[in-house]
Amino acid sequence: MAMYYMDQMITGGLMGSVFSAILSDVTTVANRSKALAHVGIAFAICFCIGPPIGSYFASQPLPHSMESWGLELNVYAVPAFLSLVLLVGETIFLVIFLPETRVRRSSDKHVNVKNNSTGDGISRPLKASVEERIATLKTLCWQHFLFLGIFSGMEFTLTFLTFDLLDWNNKKNGVLIGSIGILSALLQGGYVRRSMPKVGEVNMAQRGMSTCALGLTLLSMFAIYVSDRPALAMKFLQGGAICLAFTSATVVNALTAYASLQCDEGGFDDITGKPKVEHPELAKGRALGQFRSSGQLGRALGPLLACVSYWTFGPSVTYAASALVMLAISAYVKPIATKRSL
């Protein structure tokens, strides 16, 4: 458990925030949401292919070369070693081929200063004041924390639900989780990437949260009807999985895109050639780092609390209560939907 929390702190505090800040540096306001959607697609695809690869290597006997080390290694030693090799290779690749993104660049040529309309043809309100954007970022951090706390917890207990009530094996659970990941990737590429600039980041996030509440309600009904009406219960399970896939495709990407729009763009002044002054709390690296870290904290605490609730109160009560909380979070998002800034 200690290693799990350490992993969440490292991956959330470094990887996610750095990637988001890099994309914010190299994209314009008009295409930033689409670019961040590609990150979500990559995560969804890897979410589908990563676990089967790890399971395959974990099911194989240890190579003789590793047995000769004289250490007592468990079945997960090979997947862990393979992950380490891939991470080292990725790090070397990034050091060699990834250029510095915080370089001198001109102002976004797609923005009309008078009405702040962007190249996507959408007229957006003028950028909010520093105080308003800082307050919005703090609100987004709380929303990110609460959402991922609920969503990751319920997602974590999904395999408990199917094993406990349906006696599913690893293969069936793998198909269910993989199907959610594939559908999430298709939705991000076919719907979210194209629709977010038109719908708006906050509205897209609210749709995802509302859909999540619906999905959790369906899973609660599945737990109620699985004994008496199994055919109907399976439809509830399938519907809940589809809703979770839509949520996975929309909320985090939308909130991340909206958080990046609150940050100072940096760069250099076109007239004076001097660096633009950035507010310390609105610098992309710091602001997006705090935003992503709040989500990872929720992702770390959510499964723990969800497991306690699941085995204490039962699945139907746990999923129903989580649906109500998710509806409350969705309503909490709505007030800032009309404050969409560049």
Side-chain angles (χ1 to χ4, degrees), residues 1 4-24 32-33 35-44 46-47 133-158 180-181 184 188 192 196 201-202 204-213 215-216 244-263 281-307 322 325-326 328-333 336-337:
M1 183 62 71
Y4 171 75
Y5 281 107
M6 184 179 296
D7 170 75
Q8 293 298 313
M9 287 188 292
I10 294 175
T11 57
L14 296 177
M15 295 177 63
S17 59
V18 171
F19 289 152
S20 299
I22 290 174
L23 280 177
S24 298
R32 186 166 301 159
S33 297
L36 289 172
H38 283 93
V39 177
I41 295 172
F43 273 101
C46 294
F47 182 75
R133 285 185 285 145
I134 292 175
T136 299
L137 279 171
K138 291 180 179 179
T139 301
L140 290 173
C141 286
W142 273 107
Q143 291 169 345
H144 199 208
F145 167 76
L146 294 173
F147 165 74
L148 277 182
I150 297 297
F151 181 74
S152 63
M154 296 302 98
E155 186 181 50
F156 188 82
T157 59
L158 186 59
I180 293 175
S184 175
Q188 290 181 80
V192 178
M196 195 182 300
E201 293 83 7
V202 180
M204 182 66 75
Q206 189 177 29
R207 291 182 182 183
M209 292 179 184
S210 300
T211 305
C212 183
L216 296 177
L244 292 183
F246 183 84
T247 302
S248 177
T250 54
V251 178
V252 173
N253 288 334
L255 291 179
T256 303
Y258 191 69
S260 71
L261 296 179
Q262 310 308 312
C263 301
E281 295 188 42
L282 296 177
K284 290 177 184 175
R286 175 177 177 178
L288 292 180
Q290 292 175 342
F291 172 79
R292 297 284 300 191
S293 297
S294 65
Q296 290 303 118
L297 180 60
R299 191 184 292 275
L301 296 176
L304 177 62
L305 298 177
C307 290
S322 299
V325 175
M326 189 61 69
I329 299 173
S330 177
Y332 185 51
V333 172
I336 65 172

Out of curiosity, [X] [atom1] to [Y] [atom2], how far, rounded to the nearest 0.5 Å?
X    : Y    : atom1 : atom2 : result
R207 : M204 : CZ    : CE    : 6.0 Å
L140 : L261 : CG    : CG    : 10.0 Å
F145 : I329 : CZ    : CD1   : 9.5 Å
Q262 : L288 : CD    : CG    : 10.5 Å
L216 : I150 : CG    : CD1   : 8.5 Å
S184 : Q188 : OG    : CD    : 4.0 Å

Inset, instruction - Classify the side-chain pair Q290/S294 by whether it contains a donor and acceptor separated by less than 3.5 Å. - result: no
Partners of [X] by side-chain contact (heavy atoms from CB on, under 4.5 Å), sequence neighbours excluded?
X    : value
T247 : F147, F151, T211, C212, V251
L305 : none
A306 : M154, T157

Legend entry - L137 vs R133, side chain to side chain contact (heavy atoms under 4.5 Å, CB included): CA-CA, chis, key distance, verdict: CA-CA 6 Å; L137 279 171; R133 285 185 285 145; 5.6 Å; no
Between [X] (side chain) and [Y] (backbone), is there a donor-acceptor pair under 3.5 Å?
X    : Y    : value
T256 : N253 : no
R299 : L148 : no
H144 : F291 : yes

Legend entry - Test side-chain hydrogen bond (donor to acceptor under 3.5 Å, both in side chains) applied to S210 - qualifying residues, sequence neighbours left out: S330
Legend entry - Non-hydrogen atoms of S260 and A257 that approach each other most closely: OG-O, 2.7 Å
Legend entry - For G298 against S152, the heavy-atom pair lying closest together: O-OG, 3.7 Å
Legend entry - Residue pair F156 / L304, side-chain heavy-atom distance below 4.5 Å: no
Inset, instruction - For the residue pair L255 and M209, establish whether any side-chain heavy-atom pair is separated by less than 4.5 Å. - result: yes
